[in-house]
Amino acid sequence: MSLVQWQGRCALVVDDSRTQQYEVTCLLQALGFGQIHVANDGQDALDKLQQIDHVDLLLTDLNMPGMDRVYTIQLNLRN
């Protein structure tokens, strides 16, 4: 079920559940994403974003310990 517009694109999955990380990663692979990065929480996501040139799609859990998704996105937009 590959979608041409996602071929070779880059995604970042932010979730504290390894099961959810796995499920979303499998789905993104099936859609044709070229690079899929995984972060365990908001701080891990911010660290990874410092190392990645760009991200086409960011998928994140709403409620995570330490730093929820809204705060993570606000911090990322400031950088």
Side-chain angles (χ1 to χ4, degrees):
M1 171 169 72
S2 177
L3 298 176
V4 175
Q5 68 263 31
W6 296 116
Q7 290 293 319
R9 301 283 183 157
C10 179
L12 174 61
V13 177
V14 185
D15 202 306
D16 57 326
S17 165
R18 292 208 185 268
T19 302
Q20 291 293 66
Q21 290 173 355
Y22 175 76
E23 293 292 329
V24 172
T25 299
C26 289
L27 177 62
L28 292 173
Q29 288 173 339
L31 291 173
F33 276 81
Q35 296 180 355
I36 303 167
H37 303 275
V38 177
N40 297 315
D41 57 36
Q43 186 58 55
D44 190 21
L46 292 174
D47 294 343
K48 292 225 164 93
L49 286 169
Q50 296 294 321
Q51 301 169 8
I52 301 169
D53 287 335
H54 76 279
V55 173
D56 298 300
L57 179 67
L58 173 66
L59 296 170
T60 183
D61 187 358
L62 177 59
N63 187 14
M64 292 180 290
M67 186 185 312
D68 68 19
R69 103 180 135 103
V70 174
Y71 189 66
T72 302
I73 292 170
Q74 287 174 340
L75 285 177
N76 188 45
L77 290 175
R78 290 183 195 153
N79 291 333

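Just so it is clear, the structure is predicted and the values come from calculations on it, not from any experiment. Throughout, residue positions are numbered sequentially from 1 according to the sequence presented.
Of all heavy-atom pairs spanning V38 and L12, the tightest one is N-CD1, 4.2 Å. Of all non-hydrogen atoms in D15 and Q21, the two that sit nearest each other are O-NE2, 2.6 Å. Nearest heavy-atom pair, C10 versus H54, reported as atom, atom and distance to 0.1 Å: SG-O, 3.4 Å.
Remark: L28 CG to W6 CH2 distance equals 9.0 Å, nearest 0.5 Å. Atom CG of residue L31 and atom SG of residue C26 lie 11.5 Å apart, to the nearest 0.5 angstrom.
In this structure, a donor-acceptor pair under 3.5 Å is absent between the side chains of Q51 and D47.
Within the 4.5 Å cutoff, no side-chain heavy atoms of L57 are placed close to those of R9.
Each of D61, L59, L58 was scored for a side chain to side chain contact (heavy atoms under 4.5 Å, CB included) with V14, with one residue passing: L58.
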